[in-house]
A.B. asks: 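Structure provided below as structure tokens; questions to follow.
Here, residue 1 is the first one in the sequence, and each next residue gets the next number. Since the structure is predicted, the reported quantities are computational estimates derived from the model, not experimental observations.
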Amino acid sequence: MPCSLLCIISVVSLCVSFARSRKSALAALKSGNKKAALRHAKEHRSTCENRENFMLLLNRVEEVLHGIIDMESTRKVSEAMHLGARAMKENRLNGEELQQCLQEVDENFYFQGKFNKALESSSNADAEDDDIVDELKELEMEIRAENLLVLSADCGKEVGTDVKASGSADSLGYAMSALKLECS
């Protein structure tokens with residue numbers, strides 16, 4: 001079993017024993033059995049001490065684990081510093097040049113973020129533009145259909161008013177060709 005599971009089981013077991021011995025001591029005291037009450041009270045005190053000692057041990061283990069984690073972090077930082085120093089020596093860089101390179105990298109990250117945001121916003125705008133273009137095409141088709149209905153019904157009597165209302169040179173040309181086809 002993992003150590004953490006054993007610790008949890010031990011804590012639960014101590015808490016159960018603590019509660020049971022306390023209840024037994026109170027029940028024996030109420031019933032008037034002083035010897036049993038004294039025995040359960042000693043057991044309760046012993047369980048209480050065991051629980052406190054166990055909690056102190058767990059706290060100490062936690063401190064040791066934190067110390068190990070801190071040492072590991074310190075070791076990694078130290079290794080990174082040594083690698084950085086070795087890279088600077090191999091590439092013959094001084095502190096100023098390194099600082100300038102790091103600043104350029106930061107600027108590139110900054111501009112890359114701005115570029116990504118611009119791309120995201122332009123993709124949203126493109127989708128909106130496509131929707132508008134689709135709606136305009138639908139409206140144009142509806143206008144053409146209405147023009148054809150008027151032309152076929154009146155064979156050109158109201159063509160001028162419909163075409164002027166639409167205001168489109170394409171619609172005028174389309175209406176005129178439709179007029180020639182319908183009236184011929």
Side-chain angles (χ1 to χ4, degrees), residues 1-139 142:
M1 276 192 202
C3 182
S4 60
L5 184 59
L6 288 173
C7 290
I8 292 171
I9 291 171
S10 297
V11 168
V12 169
S13 174
L14 283 171
C15 288
V16 168
S17 293
F18 179 80
R20 185 181 47 225
S21 62
R22 183 171 182 249
K23 285 181 184 178
S24 298
L26 289 174
L29 191 60
K30 284 183 182 179
S31 68
N33 190 350
K34 291 183 181 181
K35 287 185 180 182
L38 185 59
R39 186 179 77 239
H40 289 297
K42 286 180 182 178
E43 183 181 326
H44 176 70
R45 185 178 42 201
S46 174
T47 304
C48 185
E49 288 173 2
N50 287 341
R51 187 175 72 164
E52 288 174 8
N53 289 338
F54 188 76
M55 295 307 284
L56 288 173
L57 177 65
L58 282 179
N59 288 337
R60 182 63 184 142
V61 168
E62 186 177 355
E63 288 175 13
V64 169
L65 288 175
H66 283 296
I68 291 170
I69 291 170
D70 288 343
M71 287 177 19
E72 184 68 21
S73 296
T74 303
R75 185 183 62 82
K76 287 181 181 180
V77 168
S78 176
E79 285 178 6
M81 289 173 61
H82 288 297
L83 286 173
R86 186 173 40 189
M88 285 176 64
K89 285 180 185 176
E90 289 174 2
N91 294 314
R92 296 186 181 122
L93 291 174
N94 61 22
E96 293 172 8
E97 293 171 337
L98 180 64
Q99 187 63 33
Q100 183 180 3
C101 289
L102 290 174
Q103 188 175 6
E104 288 176 12
V105 169
D106 285 342
E107 288 174 0
N108 288 336
F109 276 123
Y110 174 75
F111 289 123
Q112 183 67 37
K114 280 189 148 189
F115 181 74
N116 288 340
K117 286 180 183 178
L119 282 178
E120 289 173 5
S121 66
S122 70
S123 66
N124 292 339
D126 290 343
E128 291 173 4
D129 289 345
D130 291 342
D131 292 341
I132 292 171
V133 168
D134 291 341
E135 287 181 32
L136 288 174
K137 285 181 181 179
E138 289 177 20
L139 288 173
E142 288 176 14

A.B. asks: Would you give the length of the straight line joining atom CZ of R20 to atom OG1 of T47, rounded to the nearest 0.5 angstrom?
C.D. replies: 8.0 Å
A.B. asks: With a sphere of 6.0 Å drawn around CZ of R75, does it hold more than 12 non-hydrogen atoms of other residues, nucleotides or ligands?
C.D. replies: yes
A.B. asks: Is it true that atom CD of Q100 has more than 12 heavy atoms of other residues, nucleotides or ligands lying nearer than 6.0 Å?
C.D. replies: no
A.B. asks: Is there a side-chain contact between M81 and V77 in this structure, where contact means two heavy atoms from C-beta onward sitting under 4.5 Å apart?
C.D. replies: yes
A.B. asks: I'd like to know if K76 pairs up with E79 as an ion pair, taking the criterion as any Lys NZ or Arg NE/NH1/NH2 lying under 4.0 Å from an Asp or Glu carboxylate oxygen.
C.D. replies: no
A.B. asks: Before giving the answer on side-chain contact (heavy atoms from CB on, under 4.5 Å), spell out for N108 and Q112 the whole-Å C-alpha distance, their side-chain angles and the decisive distance to 0.1 Å.
C.D. replies: CA-CA 6 Å; N108 288 336; Q112 183 67 37; over 6 Å; no
A.B. asks: Scan the side chains in residues 26-39 for donor-acceptor partners under 3.5 Å anywhere in the protein, sequence neighbours excluded, and list what turns up.
C.D. replies:
unit_1	atom_1	unit_2	atom_2	d
S31	OG	A27	O	3.4
S31	OG	A28	O	2.9
N33	OD1	A36	N	3.4

A.B. asks: Do we see a donor-acceptor contact under 3.5 Å between the side chains of E49 and N53?
C.D. replies: no
A.B. asks: With distance as the sole test, does T74 use its side chain to make a donor-acceptor pair with the main-chain N or O of D70 at under 3.5 Å?
C.D. replies: yes
A.B. asks: Can you tell me how far the OG atom of S24 sits from the NE2 atom of H44, to the nearest 0.5 Å?
C.D. replies: 11.0 Å
A.B. asks: How long is the gap from CD on E97 to CE on M88, to the nearest 0.5 Å?
C.D. replies: 8.5 Å
A.B. asks: To check you understand the geometry: which heavy-atom pair defines the closest contact between A41 and A25, and what is its length?
C.D. replies: N-CB, 3.8 Å
A.B. asks: Calculate, to the nearest 0.5 Å, the distance between atoms SG and CG belonging to C101 and D106 respectively.
C.D. replies: 11.5 Å
A.B. asks: Supply the atom-to-atom distance F111 CZ to N116 CG, rounded to the nearest 0.5 angstrom.
C.D. replies: 13.5 Å
A.B. asks: Any side-chain to backbone donor/acceptor pair from E90 onto A87? Under 3.5 Å, distance only.
C.D. replies: no
A.B. asks: Which residues pass the salt bridge (charged side-chain N to carboxylate O under 4.0 Å, His left out) test with E96, not counting sequence neighbours?
C.D. replies: none
A.B. asks: Rounded to the nearest 0.5 Å, what separates atom CG in L57 from atom CG in N50?
C.D. replies: 12.0 Å
